[in-house]
Engineer: 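Before anything else, here's the structure in question.
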Amino acid sequence: MAESLGPRLYSCYNCGNHVSLHDDIISKSFQGRSGRAFLFSHAMNIRVGAKADRHLITGLHTVADIYCGDCCELLGWKYERAYEASQKYKEGTFILEKAKIAKENW
C-alpha cells in the first residue's frame, strides 16, 4: 500500500512555514514584483500589512502586503478591493510570488 504524503503545500522559501494549500490555487497566470505569481483563495500562517491603493497591470486595487508569519519575509499581497467590475473576483484573494514559495509533499 502506498504511503500517503498528505496535502500538497506551499511553504515560505526562507523558513519552511506552510503558507497555502495547492488545492487553493485559483490561477498560475499572475505577475508579481519578482516575476511569476499564483493567485490563491486562502493563505495561512501569514501577517497582513497596511492597506494601500496600487496601480497594477489590471487597474487600481486596494492591496495589503503579506508576510510569512514566522520569518516576516515578504511573500506577496492580498487583494482587499478591486475598483473595476471585471476584477471583483480578486477581492479577498492572495498573490504568492513563485520565487518566494517552495513546494512540499509533491
Side-chain angles (χ1 to χ4, degrees):
M1 182 180 247
E3 184 177 328
S4 175
L5 294 175
R8 294 189 296 174
L9 300 165
Y10 287 96
S11 301
C12 171
Y13 83 102
N14 190 50
C15 72
N17 180 33
H18 297 158
V19 293
S20 196
L21 298 171
H22 174 74
D23 289 346
D24 289 336
I25 290 179
I26 296 170
S27 175
K28 294 182 179 181
S29 301
F30 277 73
Q31 187 69 27
R33 292 179 188 97
S34 62
R36 194 167 166 202
F38 301 157
L39 182 68
F40 287 85
S41 59
H42 299 92
M44 58 189 165
N45 303 320
I46 59 162
R47 295 180 186 171
V48 180
K51 296 177 187 177
D53 285 342
R54 289 194 196 143
H55 289 278
L56 303 175
I57 294 170
T58 55
L60 181 64
H61 295 79
T62 301
V63 299
D65 286 338
I66 57 174
Y67 304 87
C68 175
D70 283 349
C71 73
C72 297
E73 180 72 29
L74 178 63
L75 301 175
W77 63 85
K78 179 180 181 183
Y79 284 103
E80 298 286 353
R81 182 175 178 200
Y83 291 90
E84 296 187 26
S86 66
Q87 301 300 308
K88 291 287 188 186
Y89 75 96
K90 294 178 185 173
E91 291 181 344
T93 63
F94 301 84
I95 287 287
L96 293 173
E97 298 198 36
K98 186 178 179 191
K100 303 287 185 134
I101 56 176
K103 294 177 180 178
E104 258 189 62
N105 291 337
W106 292 69

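Computed from a prediction, not measured in an experiment: that's the story for all the values here.
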Engineer: Can you tell me how far apart CG (Leu39) and CG (Asp24) are? Round to the nearest 0.5 Å.
Structural biologist: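 Rounded to the nearest 0.5 Å, the CG-CG separation comes out at 10.5 Å.
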
Engineer: Of the non-hydrogen atoms in Cys15 and Asp70, which two are nearest, and what is the gap between them?
Structural biologist: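 The pair with the smallest heavy-atom distance is SG-CB, 3.9 Å.
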
Engineer: Does anything in residues 33-42 form a side chain to side chain donor-acceptor pair (under 3.5 Å)? List the pairs, not counting sequence neighbours.
Structural biologist: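 Listed by first then second residue: Arg33-Asp65, Ser34-Glu97.
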
Engineer: With sequence neighbours excluded, tell me which residues meet ring pair (Phe, Tyr, Trp, His ring centres under 6.0 Å) with Phe94.
Structural biologist: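 Per chain and number, Phe94 pairs via ring pair (Phe, Tyr, Trp, His ring centres under 6.0 Å) with no residue.
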
Engineer: List in chain and number order the residues that pass salt bridge (Lys or Arg N to Asp or Glu O under 4.0 Å) with Lys98, two or more places apart in sequence or in another chain; answer none if no residue qualifies.
Structural biologist: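 Testing Lys98 for salt bridge (Lys or Arg N to Asp or Glu O under 4.0 Å), a comparison that skips the adjacent residues, returns none.
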
Engineer: Side chain to side chain contact (heavy atoms under 4.5 Å, CB included) with Phe38: which of Ile25, Ile95, Ile26?
Structural biologist: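 Answer after filtering Ile25, Ile95, Ile26: Ile25.
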
Engineer: Linking directly or through intermediates, with side-chain heavy atoms under 4.5 Å: list the remaining ILVMFWY members grouped with Leu21, chain and number order.
Structural biologist: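 Cluster partners of Leu21: Leu9, Met44.
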
Engineer: Which residues pass the salt bridge (Lys or Arg N to Asp or Glu O under 4.0 Å) test with Glu91, sequence neighbours left out?
Structural biologist: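 Lys88.
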
Engineer: Starting from Leu60, walk the hydrophobic network (Ile, Leu, Val, Met, Phe, Trp, Tyr; side-chain heavy atoms closer than 4.5 Å) and list everyone else you reach, by chain and number.
Structural biologist: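 For the cluster that includes Leu60, the remaining residues are Tyr83.
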
Engineer: Minimum heavy-atom separation for Gly69 to Asn17, with atom names?
Structural biologist: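 Minimum heavy-atom contact is N-ND2, 3.6 Å.
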
Engineer: For Glu84 versus Thr58, what's the shortest heavy-atom pair and its separation?
Structural biologist: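 Heavy-atom minimum between the residues: OE2-O, 4.0 Å.
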
Engineer: Say you draw a straight line from NZ of Lys90 to CD of Gln87; how long is it, rounded to the nearest 0.5 Å?
Structural biologist: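 The distance works out to 3.5 Å.
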
Engineer: Going by ring pair (Phe, Tyr, Trp, His ring centres under 6.0 Å), name the pairs with one or both residues in residues 45-72, residues two or more places apart or in two chains.
Structural biologist: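 Pairs touching residues 45-72 that pass the test: His61-Tyr79.
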
Engineer: So which pairs with a foot in residues 37-52 pass salt bridge (charged side-chain N to carboxylate O under 4.0 Å, His left out), sequence neighbours left out?
Structural biologist: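 Checked against salt bridge (charged side-chain N to carboxylate O under 4.0 Å, His left out) - neighbours excluded - no pair reaches residues 37-52.
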
Engineer: As an exercise, state the distance from CD1 of Ile46 to CZ of Phe40, rounded to the nearest 0.5 Å.
Structural biologist: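 Reported value, rounded in 0.5 Å steps: 11.0 Å.
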
Engineer: With sequence neighbours excluded, give me every ring pair (Phe, Tyr, Trp, His ring centres under 6.0 Å) pair touching residues 13-36.
Structural biologist: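 Checked against ring pair (Phe, Tyr, Trp, His ring centres under 6.0 Å) - neighbours excluded - the pairs reaching residues 13-36 are His22-Trp106.
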
Engineer: Identify, with sequence neighbours excluded, every residue that meets side chain to side chain donor-acceptor pair (under 3.5 Å) alongside Asn45.
Structural biologist: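 Asn45 satisfies side chain to side chain donor-acceptor pair (under 3.5 Å) with no other residue.
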
Engineer: Which residue is it: Ile101, Leu96, Leu75? I am looking for the one with a side chain to side chain contact (heavy atoms under 4.5 Å, CB included) to Cys12.
Structural biologist: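 Going through Ile101, Leu96, Leu75 one by one, the side chain to side chain contact (heavy atoms under 4.5 Å, CB included) with Cys12 is satisfied by Leu75 alone.
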
Engineer: Applying side chain to side chain donor-acceptor pair (under 3.5 Å), name anything that partners Thr93, two or more places apart in sequence or on another chain.
Structural biologist: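 For Thr93 there are no side chain to side chain donor-acceptor pair (under 3.5 Å) partners, ignoring immediate neighbours.
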
Engineer: Decide yes or no for Tyr10 and Glu104: does some side-chain heavy atom of the first lie under 4.5 Å from some side-chain heavy atom of the second?
Structural biologist: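 Of all side-chain heavy-atom pairs linking Glu104 with Tyr10, none is under 4.5 Å.
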
Engineer: Could I get the full list of side chain to side chain donor-acceptor pair (under 3.5 Å) partners for Tyr89, not counting sequence neighbours?
Structural biologist: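 Result, side chain to side chain donor-acceptor pair (under 3.5 Å) vs Tyr89: none returned.
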
Engineer: For residues Asn105 and Arg8, report the shortest heavy-atom separation together with the two atoms involved.
Structural biologist: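 Answer, listing the atom of Asn105 first, then Arg8: O-CG, 3.3 Å.
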
